[in-house]
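Please read all numbers here as calculations on a predicted model, not as lab measurements.
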Amino acid sequence: MTTAVAAAGVGTAARAGVEIRLENLRRRYGAVTALDGLTLTLAPGELVALLGPSGCGKTTALRLLAGLEEADGGRVVIGGHDVTGLPANKRDTGMVFQAYSLFPHMTAWENVAFGLQMRKIGAADRRRRAMETLELVGLGGFGNRYAHQMSGGQQQRVALARALAIRPKVLLLDEPLSALDAKVRARLRDEIRRVQLEVGITTLFVTHDQEEALAIADRVGVMQSGRLEQLGPPTTIYARPATPFVAEFVGLTNKLSGDVRGGAVEVRGTRIPLVQSDVPDGPAVALIRPEAVTLTSSAETSAGPLVGTVIATAFLGATSRVTVDLGDVTVLAQLATSEATSHPAGTRVQLALRADPVLIARETSGATPA
Amino acid sequence: MSRNRRLKLQIFRLAVFVLLGAFFLIPIGAMFEFSTRGVTEDAPRTLNAWLTIAQTPDLVAAILASLGLAVLTSLGMLVLLVPTMIWVRLRLPHLSRVIEFLCLLPLTIPAIVLVAGLAPIYLWMNLNISDSILTLAFVYLVLVLPYAYRALYTGLAAIDVKTLAEAARSLGASWITVMMRVIVPNMPVAILNACLLSVAVVLGEFTIANLLNYVNLQVAIALAGRANATVSIAVAVASLLFAFILLVILSFFGRPRARVAPDAPGLPYPGAAGGGMR
Amino acid sequence: MTVIERPLVETVRRPLGGGRRLAMPQWIAAAPFFLYVGIFLLLPTAIVVSGAFIDSAGLSLANFATMNQRFVINAFLNSVLLSATSAIIGAVFGALLAYAVATGNPNGAFRRLVSSACGVLAQFGGVTLAFAFIATIGGAGFITLWLQQHGMNIYANGVWLYQLRGLVLVYIYFQIPLMVLVFLPALDGIRPQWREATESLGGGTWHYWRYVAGPLLAPAFLGGTLLLFANAFSAYATAAALVNQGSIIASLLIANTLTSEVGLANPGIASAFALVMVVIVAVVMVLYTLLQQRTARWLQ
């Protein structure tokens with residue numbers, strides 16, 4: 001209830017989100033190319049997550065948008081205004097850092113009020129708005145705490161409140177959850193999404209954690225070597241990865257060797273269509289999701305390219321991941337837990353590969369079994 | 001950071017380094033210059049003053065005395081401090097605050113104050129035990145306590161003393177074996193640091209020796225200064241070089257590790273009041 | 001079973017393990033340390049403290065009566081002046097140098113060199129330092145002669161190197177490096193995120209220093225200044241080597257009262273002066289420790 005009221009307080013003044021465009025951004029550090037012509041448009045109110053391994057350029061993109069770094073080329077447009085030449089303190093962006101960004105000599109509310117002070121808002125107003133914003137992030141009673149008196153999760157909520165209190169045009173989240181432990185991380189992730197939706201602010205979220213990106217974002221952009229590999233809704237990224245890199249980076253993948261012929265790959269006797277169109281005929285490694293593998297019980301004596309023995313089962317909650325030894329390779333299959341329990345370790349099983357289109361791994365030679 | 005700001009910062013840094021570098025280097029350079037002067041103003045440069053050092057028995061005796069004191073003090077420090085600190089960490093953790101307080105106390109009691117209280121004690125020792133200059137090692141051990149304590153503390157904090165000791169005990173080691181063969185070999189850098197710091201403090205000590213009427217290295221330099229400034233400055237340069245080498249060895253071994261210890265105790269840095277050379 | 005077994009094990013173990021050794025209290029191992037510190041640190045301190053309150057007539061405050069005399073008051077005032085001046089100048093330049101070091105590459109060789117040099121120079125003092133300055137700006141010093149050749153005389157108004165002004169200059173030589181050593185960790189505790197957060201919240205360089213870095217570093221700066229004060233206040237060797245006669249500062253006064261060559265030595269009065277000095281230094285050091293704790297909480 002309190003949250004709803006507070007949200008209304010912030011919400012009335014909050015503008016509808018604005019569109020953000022990054023156009024052909026380029027940035028080099030010495031010999032290293034951090035961003036190689038990144039173009040990305042965020043719709044008003046949208047939350048886009050940039051996902052990728054460290055050094056892929058995602059943080060550079062965020063810092064260029066914040067104005068904390070200068071681009072070598074390209075443009076940053078926030079709400080129709082070109083801000084490329086503006087310093088960080090003139091850009092109206094709210095930023096949440098990885099960790100330890102709260103000013104340690106200020107209480108929570110003083111931290112939140114700091115940006116308002118920079119905007120020359122009166123003391124009474126400042127305090128009221130800071131308290132409201134703290135309510136919004138669920139820390140109504142924590143206004144007088146110092147950073148060292150709060151948990152990591154609470155500190156990040158204050159940091160979020162501090163970023164939002166100035167009613168910025170854009171919210172930037174730089175791996176805000178990476179320093180927290182798993183349980184707090186999941187809860188705060190959902191909390192960030194709730195607040196973002198309530199305020200309706202356009203948000204760029206940078207992370208190396210695929211689960212986080214898929215759970216929170218409207219669209220996910222997977223980056224590698226300063227380029228955007230694929231941009232799309234989480235379901236598409238996961239189910240229809242556009243490139244082998246995306247397939248391998250997002251989710252678990254079985255790598256099974258097969259034979260490409262006529263636009264399809266034959267893997268252990270099963271013909272599967274290809275996503276890519278430019279794969280030459282010959283031996284290749286197919287990337288197959290554990291979800292695309294199903295299994296049925298098999299007689300002890302039966303043999304075949306897809307008959308094997310269950311060697312381990314990892315219980316993940318509603319689903320379980322079963323590891324099957326096929327003799328020359330092991331294959332992961334993800335199934336409903338109820339189904340997995342009927343194939344305990346040691347049982348012989350027959351695998352089947354669903355004929356969803358698959359990607360071929362880049363290193364086609366040397367079939368390394370997964 | 002904007003390029004403009006970076007440029008301003010670099011100019012600022014350069015200015016600071018050049019100005020303060022000159023302030024710190026010129027006096028040392030001047031000592032070298034002074035120690036190589038000839039007898040008259042236009043005489044050629046000479047190393048006579050340096051060569052005279054070896055021919056001055058008083059100076060040689062003082063140098064040897066100071067080196068002896070440095071060795072005795074370091075050994076005494078190791079014998080007194082290492083087992084106590086390990087034992088306190090293992091079995092008497094409630095005493096650790098007291099030990100820390102006592103070890104850091106000499107930083108708050110200036111040497112000039114300590115010497116006022118030491119005078120009667122040394123008078124008694126001179127009459128009843130010995131009046132050798134080497135008895136100064138007793139009080140020098142107190143002077144080096146803060147420095148040695150912090151160096152050893154850093155070393156102990158970096159290893160899991162308790163687990164190591166429990167592992168060794170469960171394998172049948174006696175407490176002596178635990179200390180000497182398990183824990184001490186795991187803190188060689190800390191022990192080296194503690195010794196080097198002790199040596200540096202002892203070689204630089206002037207106050208107590210001077211006021212208790214002993215002639216150690218620094219007192220000898222001061223006395224020689226009245227007779228022959230050039231020679232005494234040559235000795236001063238030599239002792240400075242020696243201390244410099246010791247402390248450079250120390251800082252290259254010690255500092256980075258010192259920063260690892262999460263809760264190094266009390267006063268953060270060696271230089272604090274009272275001890276040292278001044 | 002267990003009930004029977006327990007005592008059995010106990011009775012067997014006792015003779016084997018050596019019951020007597022178990023009975024020895026564990027603090028015995030720490031006894032040599034306490035004994036040693038008791039004799040060579042606590043006993044002299046106690047002698048100073050008690051000596052200050054004892055004169056020929058027994059318990060008395062007579063030793064402190066000397067504190068009224070002009071030359072004693074002057075010596076202590078001079079000490080305060082010397083310590084405060086050299087501490088403030090040393091703290092300002094030390095902080096600037098520390099900032100110049102902290103803004104460089106944190107793992108660079110240059111930073112290593114500077115911090116090593118500071119470790120050495122902060123320990124540098126006493127006779128050697130006094131001689132270094134005599135060789136530089138003494139009557140026949142390197143700089144003095146060079147300036148004379150160019151028609152300048154730094155001692156036109158009298159030779160000040162052996163006076164209070166000279167001591168300030170010489171003390172600064174070890175005060176600056178000491179400040180670098182205590183202030184650098186505080187500067188390292190300043191996180192780049194704070195500057196970036198300030199900027200993204202709309203603040204500029206001025207706001208950053210005024211509201212964030214300034215208040216955060218203030219306790220460390222003040223604490224460092226206090227440490228430098230105590231450092232200078234208790235220093236003796238440098239002044240003794242530089243000033244041949246007179247008791248212009250407190251530490252020289254104590255030394256001269258203790259071992260006067262003209263037979264006026266008075267250990268009781270020396271103890272009284274020493275007690276006053278130790279109280280002043282202790283108060284300053286306690287304040288320093290308190291400020292240091294605050295710094296540690298903010299900038300670990």
Side-chain angles (χ1 to χ4, degrees), chain B residues 9 12-13 16-17 20 24 26-28 30-31 33-34 80 84 87-88 91-92 95 102 105-106 108-114 116-121 138-139 142 200 204 206-207 211 218 221-222 225 232-233 236 239-240 244 247-248 251-252 255 268-274 276-278, chain C residues 26-27 29-30 32-33 36-37 40-41 43-45 47-48 93 96-97 100 103-104 115-116 119-128 131-133 135-136 141-142 174 176 178 181-182 185 227 230-231 234-238 241 251 254-255 258-259 267 270-271 274 277-278 281-282 285 292:
Chain B
L9 181 67
F12 161 80
R13 296 183 65 210
V16 169
F17 290 138
L20 291 181
F24 285 108
I26 286 176
I28 293 176
M31 280 174 95
E33 191 274 333
F34 203 98
L80 190 69
T84 307
W87 189 252
V88 164
R91 312 289 294 183
L92 306 166
L95 284 184
L102 288 175
L105 194 57
T108 344
I109 301 180
I112 183 71
V113 172
L114 201 58
L118 283 168
I121 297 177
F138 285 115
V139 59
V142 168
F206 172 79
T207 307
L211 293 175
Q218 297 295 325
I221 294 176
S232 72
I233 285 182
S239 79
L240 178 67
F244 190 85
L247 290 169
V248 165
S251 60
F252 269 79
R255 298 273 187 273
Y269 211 79
M277 303 180 188
R278 66 199 78 92
Chain C
Q26 295 191 331
W27 58 262
F33 173 82
Y36 193 94
V37 170
F40 289 99
L41 178 61
L43 180 61
T45 312
I47 290 175
V48 169
F93 283 99
L96 287 177
L97 180 55
T103 46
S115 52
S116 298
V120 175
L121 294 174
Q123 293 292 328
F124 184 33
V127 185
T128 321
F131 282 14
F133 271 86
T136 312
F142 175 69
F174 57 70
I176 292 177
L178 180 57
L181 294 176
V182 291
L227 182 74
N231 191 36
S234 49
Y236 162 78
T238 312
S251 57
I254 295 172
L258 200 62
T259 64
S271 293
M277 172 181 270
V278 93
V281 171
M285 292 300 278
Q292 203 60 35

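Smallest separation of non-hydrogen atoms from B/L118 and C/P44: CD2-CG, 3.7 Å. Between C/A282 and B/T108, the closest heavy-atom pair is CA-CG2, 3.7 Å. Residues B/V142 and C/F40 share a closest heavy-atom pair of CG2-CB, 3.5 Å. The shortest heavy-atom contact between C/F131 and B/S232 is CE2-OG, 3.1 Å. Here the closest heavy-atom approach between residue B/G117 and residue C/V48 is recorded as N-CG2, 3.3 Å. Considering every non-hydrogen atom in both C/V278 and B/P110, the closest pair reads CG2-CD, 3.9 Å.
Among C/A270, C/A274, C/A135, C/P32, the residue making the largest number of heavy-atom pairs under 4.5 Å with chain B is C/A135. Here B/A116 is the residue among B/A119, B/S239, B/A116 with the most heavy-atom pairs under 4.5 Å with chain C.
Within the 4.5 angstrom heavy-atom criterion, only side-chain atoms of C/Y36, from C-beta onward, approach chain B. Heavy atoms closer than 4.5 Å to chain C are found in the side chain of B/L20, but not in its backbone. With a threshold of 4.5 angstrom between heavy atoms, B/L92 approaches chain C through side-chain atoms but not through N, CA, C or O.
Taking CZ of B/F12 as the start and OG1 of C/T103 as the end, the distance is 7.0 Å to the nearest 0.5 Å. From B/I121, atom CD1 reaches atom CD1 of C/I47 across 4.0 Å, with rounding to the nearest 0.5 Å. The distance from atom CZ of B/R13 to atom CG of C/L97, rounded to the nearest 0.5 Å, is 10.0 Å. The CG atom of B/L95 sits 10.0 Å away from the CZ atom of C/F33 when rounded to the nearest 0.5 Å. The CE atom of C/M285 sits 10.5 Å away from the CG atom of B/L105 when rounded to the nearest 0.5 Å. Atom CG of C/L258 is separated from atom CD1 of B/I112 by 7.0 Å, given to the nearest 0.5 angstrom.
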